[in-house]
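As structure tokens, the structure follows; a few thoughts come after it.
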Amino acid sequence: MSGMKTRNARTDPVLADLNDPQRRAVMHRDGPLLVLAGPGSGKTRVITRRAAYLVHTGVSARHILAITFTNKAADEMKKRIEVLGVAGGMWVYTFHALGVRLLREFGPLGRVRPGFTIYDEADRKRVIKDALAICKISPELLKPEAAQAKISDAKNRLKRPQAFLESADFFEQRMIGRVYEAYEQLLEQRNAVDFDDLLMRVAIVLRGHPEITERLNKRFRYVLIDEYQDTNHAQYLIARHLSQHHRNICATGDPDQSIYGWRGADIRNILEFERDYPDAVVVRLEQNYRSTGNILKAASKLIRCNRRRKHKDLWTDRGEGEPINVWRFEEGYDEAERIADTIVELHKEGRSYNDFALMYRVNAISRGLEESLRHRGIPYKIARGVEFYNRKEIRDTLAYLRVLVNPTDTVALLRIVNTPTRGIGKTTITRLVEAANDADRPLLEVMRAAASVSALKPAAAARVQKFVELIDQLQAFAGGSVADAVSNTLALSGLEADLRKAEEEGGEDRLANVEELVTAAKRYEDEAEQPTLEDFLQRVALTSDQDAVDESAGVVLLMTLHAAKGLEFPVVFIVGLEEGMLPHERSLYEGDVEEERRLCFVGITRARERLYLSHAEQRLLRGAMLPRCESQFLAELPDEVIAWENFDNESDGESSFGDGFIPLDDHRPQERLQRRSSKSRAKRRREFDDEPTFSPDDPTGRVLRLTSSSPYADWQPGMLVRHETFGVGTLQWIRPGDGQTRASIQFARHGRKTFILELAPVHKLQRGSV
DNA sequence: AGCAAGATGCTTTTT
DNA sequence: GCATCTTGCT
């Protein structure tokens with residue numbers, strides 16, 4: 001406290017260039033603090049300055065713990081704190097990396113042994129399948145994805161299999177409980193954890209061991225948590241325990257940017273922070289330093305449509321800026337072309353390529369955009385970091401390394417036993433696995449004793465033995481240099497030779513990829529304090545898409561809206577503002593459109609100067625051309641800041657465009673749509689030699705469900721319906737409710753109307769009945 | 001055993 | 001459309 005008075009807000013460089021609320025947040029000393037930070041309000045600046053201020057006023061850096069969600073955010077924060085000269089000893093981690101670090105310390109308490117493996121989604125799916133097999137449950141009866149989601153959910157709530165089974169009342173629940181139990185057993189056997197474990201196990205240890213919690217409280221006297229709106233229950237508990245004694249918890253975030261509810265994030269954590277900590281000081285950062293007035297106005301008006309939120313008055317002194325462009329196209333193809341043309345134009349006017357970002361709801365959309373960019377020679381990059389680590393050759397190499405660190409990692413072992421092929425086929429593997437199960441011994445041990453596995457032919461056993469020798473040989477490198485371990489694995493396993501051969505035969509340059517892995521290992525060795533193969537692998541497992549975003553690469557960036565959080569660009573294009581896309585259809589069925597609106601809000605507020613929102617009337621999705629309807633979010637934007645433009649020049653021409661008016665008559669019967677698209681588009685699309693066909697109610701032959709019991713289960717946006725008074729219209733969106741299924745329908749002459757389907761005289765238009 | 005073609009399934013977002 | 005699994009062939 002003594003140092004505080006001596007610091008002058010005018011002259012202190014840590015405080016000088018802050019606005020009032022920012023300064024209040026930075027200077028807050030003890031007790032809970034909630035910083036509600038609107039987009040572009042200088043949140044990161046506040047966090048880093050606060051850390052610096054704490055240090056400058058006498059807190060040792062090693063008593064501060066900062067937690068973020070992505071590695072990129074953690075690295076960024078570390079860098080910025082270093083610049084302020086206070087990094088020494090401070091912990092800056094992601095929740096998951098912190099989990100790894102603490103679990104290693106906890107050891108048996110966290111139910112892990114040294115060298116434990118982190119299973120990613122693909123590994124996890126494999127284990128779920130094995131668990132289903134053990135429980136003798138067919139994957140058709142219980143889909144692996146469904147089981148996985150339920151188990152993940154349970155782990156977020158700290159529910160172990162036993163507790164899960166105790167509260168399971170229905171058949172399905174009990175089934176999932178059994179799978180969960182088997183799944184946990186397999187992880188235990190394999191000394192592996194999944195992503196959720198990294199949080200759940202830490203939370204359980206903290207909850208059950210007050211002495212450990214107390215020790216950590218003494219070590220970390222100030223806890224800063226970024227993106228608090230995205231915390232799930234386990235993370236919430238970790239944060240709470242870690243600040244339980246000193247209560248010096250500083251949470252920063254924005255409920256309006258909570259976009260991870262689907263994976264367990266609970267927006268209530270931030271909305272109810274003040275209930276959890278009644279003495280909390282709340283600071284609102286509402287001045288935006290990023291976007292123009294128009295962009296901010298659009299974002300504010302949109303997000304106001306949400307009910308569950310804390311209102312903030314976002315403002316800027318940057319002036320109105322350009323109007324926001326809302327573009328309508330006949331087809332997704334036109335959208336991509338037009339955007340690429342616009343980038344070329346603006347580039348000629350002097351904008352750098354890295355001024356631009358293209359954002360979309362689902363990755364599948366990126367393809368068309370990429371093509372249009374490529375044709376014009378526009379350099380671009382897709383923000384997808386895991387892509388590298390998901391390549392087959394990389395996964396193969398990593399699987400070898402994983403086995404070296406953790407010989408019980410069966411998923412990895414099964415992956416490499418015959419990669420590259422060495423004559424160990426399916427039957428041999430099945431027999432080995434069976435023998436391992438029967439003897440209840442690790443698979444590698446059984447392989448080691450292959451000769452004594454009676455079911456195996458001597459020739460097969462000999463090949464297996466040779467493989468085990470290879471592993472033993474590689475094992476020698478596991479304790480030394482990480483890069484050496486990688487390159488020796490490549491050389492001795494035969495992977496390298498295999499890849500070289502494939503390349504000579506005209507394959508792509510996959511050798512370069514594995515060489516890049518060696519480079520990554522070298523880089524890691526240079527950076528890490530105590531490099532080990534175990535740590536390298538664990539870090540790799542926690543690498544995500546967001547981490548790969550490099551804003552200064554000099555290229556146009558393509559990314560999902562989720563990946564865009566935390567970034568900003570002078571020019572932003574958000575594509576596919578269509579019902580079913582943004583908002584995503586799943587949200588329409590499950591009734592959480594608010595999160596989609598927040599996602600849209602996040603996208604809009606990434607833009608500094610110019611913003612383009614676009615949608616198309618039809619789009620190629622999953623190989624089928626589907627009719628699309630404009631997003632309800634477009635109607636929620638303030639008209640006065642929007643410049644509407646219609647590039648659908650083949651439209652029926654009943655109105656002129658570019659004058660702020662979007663024609664409402666997109667109810668065109670299917671025959672006409674079909675004719676139009678076949679006549680004018682088929683030539684442009686290489687894949688579409690044949691006349692594209694679709695039926696409005698189910699273009700792909702699959703039926704999408706609301707809930708299986710709903711009579712409107714197969715209604716989906718884009719389909720045609722008939723209202724007894726208003727005639728034929730296009731379904732815009734549909735939202736289930738208890739006996740009150742709401743739907744919005746766009747009519748030819750009557751505009752858009754919302755109905756309760758149970759009450760309104762609306763029915764599905766049968767094929768051919770137009 | 002191992003490969004290639006064909007069938008099937010699945011596709012929101014990600015630590 | 002793509003990835004994965006299955007089937008059938010060598």
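Because only heavy atoms are used, hydrogens play no part in the values below, and waters and symmetry mates are left out as well, while side chains stay in. Chain letters run A, B, ... following the sequence lines, proteins first and then strands; every chain starts at 1.
- Base engagement by A:Phe195 is indicated by at least one non-hydrogen atom pair under 4.0 Å involving a base atom.
- A:Asp120 comes within 4.0 angstrom of nothing in the nucleic acid, heavy atoms only.
- Residue A:Gly425 is the one, among A:Leu599 and A:Gly425, whose nearest nucleotide of DNA chain B lies closer to the 5' end (criterion: closest heavy atom).
- Applying the 6.0 Å contact sphere to CZ of A:Arg309 captures more than 12 heavy atoms from other residues, nucleotides or ligands.
- Taking only side-chain atoms of A:Thr428, from C-beta outward, the nucleotide of B:dA1, B:dG2, B:dT14 with the closest atom is B:dA1.
- Between A:Arg367 and A:Lys426, the one whose closest nucleotide on DNA chain C sits nearer the 5' end is A:Arg367.
- Judged by the 6.0 Å distance and 45° axis criteria, A:Arg598 is not positioned over the aromatic ring of A:Phe601.
- The CD atom of A:Glu121 sits 16 Å away from the C1' atom of B:dC10 (whole-angstrom rounding).
- Between A:Phe536 and A:Tyr524, the ring planes are tilted. Angles from 30° to 60° get that label.
- Residue-level contact check: A:Lys129 touches the backbone only, with heavy atoms under 4.0 Å from sugar-phosphate atoms and none from bases.
- By the 30° and 60° cut-offs, the orientation of the rings of A:His562 relative to A:Trp262 is perpendicular.
- Computed from coordinates, the A:Glu145 CD to B:dT11 C1' distance equals 10 Å when rounded to whole Å.
- Rounding to whole angstrom units, NE2 of residue A:His584 and P of B:dT13 are separated by 8 Å.
- For the pair A:Lys143 NZ and B:dG9 P, the interatomic distance rounds to 10 Å; values are reported in whole Å.
- Following rounding to the nearest Å, A:Ile128 (CD1) and C:dT4 (P) show an atom-to-atom distance of 17 Å.
- In terms of phosphate contacts, A:Thr70 brings no side-chain nitrogen or oxygen within less than 4.0 Å of OP1 or OP2 of B:dT14.
- At the phosphate of B:dT13, OP1 or OP2 sits under 4.0 Å from a side-chain N or O atom of A:Asn363.
- Partner assigned to B:dT11 is none, using Watson-Crick or G-U wobble distances below 3.5 angstrom.
- Atom pair A:Lys125:NZ and C:dC5:P shows a separation of 8 Å (rounding to whole Å applied).
- Residue A:Ile429 contributes atom CD1, which lies 13 Å from atom P of C:dC5 at whole-angstrom precision.
- Atom-to-atom, CD of A:Glu596 to C1' of B:dT13 comes out at 9 Å; the value is rounded to the nearest Å.
- Between A:Glu227 and A:Lys43 there is a salt bridge, with a side-chain nitrogen of the basic residue lying less than 4.0 Å from a carboxylate oxygen of the acidic one.
- Nearer the 5' end of DNA chain B, as judged by each residue's closest nucleotide, is the contact made by A:Asn418, out of A:Asn418 and A:Ala541.
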